[in-house]
Amino acid sequence: MRQTLVAGNWKLNGSKESIKELLAGILDGMSEAKTDVAVCAPYIYLPLVDELLSGSKIGYGSESISEHDSGAFTGEISGSMLKDFNCQYAIVGHSERRSLFGEKDADTANKFAAARKYGLTPILCVGELLEEREAGITEEVVSRQLDAVIALEGIAALSDAVIAYEPVWAIGTGKTASPEQAQEVHAFIRAKIAKRDTAVAEKVQILYGGSVNGGNADELFAMEDIDGGLIGGASLKAEDFLAICKAG
Ligand code: 13P
């Protein structure tokens, strides 16, 4: 049995005050969590998150990472900097990075490699657009996104990573994939990995993301290949986030 993980992705949200309140609330309710729990925060708040969560059972990390180690890359944050603040995770390839900031499959693969190089667990996001689903090419898209990483880092690299399947049409729309729809893609991803390495396929956690909330988490996490969730909107309120951590 794989351990379930619920990770929050705060995106461009929060303030010192709201983060203190949110984390105090989550820490307060952690005894009832059935899943492993992590939060991914805007870079600037990571020192605060580190201070508030050190010694707790809650993992933490960033929402992106530079593919570079150091040098003339204005505005970037490297894996070694994230490690300096004890991060354990780095999200790579989120659909918002891909669609709004022009990150390509190859950039995501380089970021995945940068995270691993510094001992961070990459949370690799994959997922299709609505028009891609309607065109019947969901598996092709997800395959292409995974192949870029596998080609650069090798299949074994996925055993110290987390994959998040996030259909773009379900992100922030209130429109969740049905448990069956999500399971179908999760099973496809696991089978694709199993063709190369069954042990890696068995081990890798595949999270679902896209309008997960306290009301739908139970049935999503009950599916065989869904090992938890990557949560946007519902990760911003302790009560909502904890309701998801109590599922599964
Ligand atoms: P929502 O939970 O707000 O749909 O966002 C999902 C997401 O993008 C997590 O990375």
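This is a predicted model, so every value here is computed, not measured. All ligand and atom numbering here is 1-based and tracks the order in the structure.
- At least one heavy atom of Ala170 sits less than 4.0 Å from an atom of ligand 1.
- Each of the following atoms of ligand 1 lies closer than 4.0 Å to a heavy atom of Gly233: 1 (P), 2 (O), 3 (O).
- Side-chain N or O atoms of Asn216 include one that pairs as donor or acceptor with a backbone N or O of Asn213 at under 3.5 Å.
- At least one N or O atom of Asn9, backbone or side chain, sits closer than 3.5 Å to an N or O atom of ligand 1.
- Remark: among candidates Lys175, Glu166, His94, Lys11, the nearest residue to atom 5 (O) of ligand 1 is Lys11, based on non-hydrogen atoms.
- Using a 4.0 Å cut-off between a side-chain N of Lys or Arg and a carboxylate O of Asp or Glu, Asp69 and Lys117 qualify as a salt bridge.
- Atom numbering of ligand 1 starts at 1 in the shown order; those under 4.0 Å from a heavy atom of Gly172 are 1 (P), 3 (O), 4 (O).
- Below 30°, between 30° and 60°, or above 60°: for His186 and Tyr165 the angle between ring planes is above 60°, a perpendicular geometry.
- Using a 4.0 Å cutoff on heavy atoms, Ala234 does not count as a contact of ligand 1.
- Judged by distance alone, the side chain of Glu139 and the main-chain N or O of Ile137 form no donor-acceptor pair under 3.5 Å.
- Heavy atoms of Gly210 approach ligand 1 to within less than 4.0 angstrom.
- Chaining together hydrophobic side chains whose heavy atoms lie under 4.5 Å apart places Val168 alongside Leu129.
- On a distance-only criterion, Gly232 and ligand 1 share at least one N/O pair closer than 3.5 Å.
- Each of Leu146, Val149, Val185 was checked for a side-chain contact (heavy atoms from CB on, under 4.5 Å) with Val126, and the lone residue meeting it is Leu146.
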